[in-house]
Amino acid sequence: MQFVDLDGVTVHYDIDWAGDGRPVVVLVNSLGTDSRIWHHVIPKLAGDYTVLTYDKRGHGLSDLGNPPYSIEDLSGELAALLDHLGLSNVIVCGLSVGGLIAQGLYASRPDLVRALILSNTAHKIGTPQMWADRIGAVEQNGIASILEPVMQRWFTASFREPGNAAYKAYCNMLVRQPALGYSGTCAAISKADYTEQAARIAVPTLCIAGDQDGSTPPELVRSLADLIPGARYEVIEGTAHIPCIEAPGAYAALIRGFLEELES
């Protein structure tokens with residue numbers, strides 16, 4: 001584990017170096033999770049690719065900062081981390097709000113981005129009222145009060161079996177995130193709209209959906225892919241909103257295939 005102070009906010013990150021000249025893949029996690037969601041994907045990429053993961057502010061081991069946030073705050077944090085590490089020309093794989101952060105990074109710092117993998121995300125997610133209701137519920141009753149409906153969107157019914165210890169652990173991950181970090185990130189999502197910017201994305205882009213995703217359904221992810229010139233669209237069967245947990249092998253295979261095309 002490594003830590004850095006970025007403009008007064010301590011950020012936790014991990015980096016698996018593959019050697020000089022190897023492509024760098026940045027994995028940006030979703031709302032209510034931390035960088036551990038990539039645990040089973042990293043070994044399938046490490047060695048051939050340098051892999052950077054981190055906890056955005058308000059999540060995991062990183063500081064809370066000053067919520068509520070904007071996507072510009074969160075993408076600026078990622079830009080500062082890349083600058084600190086001396087990295088550019090990276091492939092950014094962002095899941096859910098991570099995909100919005102990836103789009104925000106490209107919009108503000110295209111010099112840092114070689115390609116985008118936009119997973120289980122969209123140019124605009126939900127409505128302001130939906131997010132206001134979510135924020136109100138968390139502020140009044142805590143994250144545990146929204147656990148069940150969130151898990152129904154995150155994971156398929158087969159993964160949510162009572163005997164699945166991993167499912168119980170990811171429930172713990174959600175409810176143990178700072179409530180202010182969670183609601184502050186909800187506020188960022190509620191204001192984000194990259195519809196116009198998506199049409200100006202000029203780097204290779206892969207959009208990934210889970211066929212049973214209740215948060216960003218396949219048709220929503222497809223609408224994002226349709227906005228981006230030349231974007232590739234793929235669906236992972238038997239997964240919901242966090243396919244890197246439910247199907248890490250299939251997820252990593254899509255990433256590897258996309259990266260190999262970049263190198264060819």
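On a predicted model such as this, the values are computed, not experimentally measured, just so you know.
One finds the CE atom of Met151 at 4.5 Å from the SG atom of Cys171 (value rounded to the nearest 0.5 Å). How far CD1 of Ile242 is from CH2 of Trp38: 9.0 Å, rounded to the nearest 0.5 Å. With values rounded to the nearest 0.5 angstrom, Leu74 atom CG is found 7.5 Å from Tyr69 atom OH. Going from atom CG of Leu224 over to atom OH of Tyr194 covers 12.5 Å, rounded to the nearest 0.5 Å. One finds the CD1 atom of Ile42 at 9.5 Å from the CG atom of Leu52 (value rounded to the nearest 0.5 Å). Interatomic distance, CG of Leu112 versus CG of Leu87, reported as 9.0 Å (0.5 Å rounding).
Applying the 6.0 Å contact sphere to CG of Asp5 captures more than 12 heavy atoms from other residues, nucleotides or ligands. Annotation for His39: atom NE2 does not count as buried by contact number, only 12 or fewer foreign heavy atoms lying within 6.0 Å.
Across all non-hydrogen atoms, the minimal contact from Ile228 to Cys207 is CD1-SG, 4.4 Å. Of all heavy-atom pairs between Ile135 and Cys186, the closest is CG1-CB, 3.6 Å. Taking each heavy atom of Ala179 and Ile143 in turn, the nearest pair found is CA-CD1, 3.9 Å. Here the closest heavy-atom approach between residue Val41 and residue Ala252 is recorded as CG1-CB, 4.3 Å. Of all heavy-atom pairs between Thr33 and Asn29, the closest is O-ND2, 2.9 Å. Across all their heavy atoms, Val203 and Tyr106 have their closest contact at CG1-CE1, 3.7 Å.
Formation of a donor-acceptor pair under 3.5 Å by the Ser215 side chain with backbone atoms of Asp213 is not found in this model. A donor-acceptor pair under 3.5 Å is formed between the side chain of Gln103 and the backbone N or O of Ala122. Of the possible donor and acceptor atoms, none in the side chain of Thr50 sits under 3.5 Å from a partner among the backbone N and O of Val24. Looking only at distances, a side-chain donor or acceptor of Thr185 sits under 3.5 Å from a matching main-chain atom of Gly181. The closest donor-acceptor contact from the side chain of Trp131 to the backbone of Ile125 lies under 3.5 Å. At least one donor-acceptor pair under 3.5 Å links the side chain of Gln177 to the backbone N or O of Gly60.
Under the side-chain contact (heavy atoms from CB on, under 4.5 Å) criterion, Ala115 pairs with Ile91, Pro204, Phe258, Leu262, not counting sequence neighbours. Scanning for ring-ring contact (aromatic ring centres under 6.0 Å, His included) contacts around Phe159 gives Phe155, with sequence neighbours left out. Every residue two or more places apart in sequence or in another chain that forms a side chain to side chain donor-acceptor pair (under 3.5 Å) with Arg134 is listed here: Tyr182. Residues forming a side-chain contact (heavy atoms from CB on, under 4.5 Å) with Glu219 (at least two apart in sequence, or on another chain): Pro217. Under the rule for a side-chain contact (heavy atoms from CB on, under 4.5 Å), the partners of Glu234 that lie at least two apart in sequence or sit in another chain are Leu206, Arg232, Leu254. Legend: residues meeting side-chain contact (heavy atoms from CB on, under 4.5 Å) with Ser96, ordered by chain and number and at least two apart, are Ser30, His241. Annotation: side chain to side chain donor-acceptor pair (under 3.5 Å) contacts of Tyr233 (sequence neighbours excluded): none.
Screening residues 179-207 for salt bridge (charged side-chain N to carboxylate O under 4.0 Å, His left out) gives no qualifying pairs among residues at least two apart or on separate chains. Residue pairs meeting the salt bridge (charged side-chain N to carboxylate O under 4.0 Å, His left out) criterion with at least one partner in residues 7-33, sequence neighbours excluded, do not occur; the list is empty. For residues 45-69, the salt bridge (charged side-chain N to carboxylate O under 4.0 Å, His left out) pairs, not counting sequence neighbours, are Asp48-Arg256, Arg57-Glu77. The salt bridge (charged side-chain N to carboxylate O under 4.0 Å, His left out) contacts involving residues 30-47 comprise Asp34-Arg36, where partners must be two or more places apart or lie in separate chains. Pairs engaging residues 163-172 under the side chain to side chain donor-acceptor pair (under 3.5 Å) rule: none recorded [sequence neighbours left out].
Side-chain atoms of Lys124 and Leu100, non-hydrogen and from C-beta on, never get closer than 4.5 Å to each other. Residues Val11 and His84 are not in side-chain contact: their nearest non-hydrogen atoms beyond the backbone lie 4.5 Å or more apart. For the pair Val28 and Tyr54, the minimum side-chain heavy-atom distance is below 4.5 Å.
Follow the hydrophobic side-chain contacts under 4.5 Å out from Ile117 and you never reach Leu227; the two are in separate clusters. Hydrophobic cluster membership differs between Val97 and Leu220, with clusters built from Ile, Leu, Val, Met, Phe, Trp and Tyr side chains linked at under 4.5 angstrom. One hydrophobic cluster, built from ILVMFWY side chains closer than 4.5 Å, holds both Ile189 and Trp154. Met173 and Tyr13 end up in the same hydrophobic cluster when Ile, Leu, Val, Met, Phe, Trp and Tyr side chains are linked at under 4.5 Å. The cluster map of Ile, Leu, Val, Met, Phe, Trp and Tyr, joined by side-chain heavy atoms under 4.5 Å apart, puts Val221 and Leu118 in different clusters.
Of the N and O atoms on the side chains of Ser223 and Asp226, not one donor lies less than 3.5 Å from an acceptor on the other residue. Counted by atom type alone, Thr239 and Tyr251 present zero donor-acceptor pairs between their side chains at under 3.5 Å.
Between Thr156 and the choices Gln212, Glu246, Glu161, the side chain to side chain donor-acceptor pair (under 3.5 Å) rule is met once, by Glu246.
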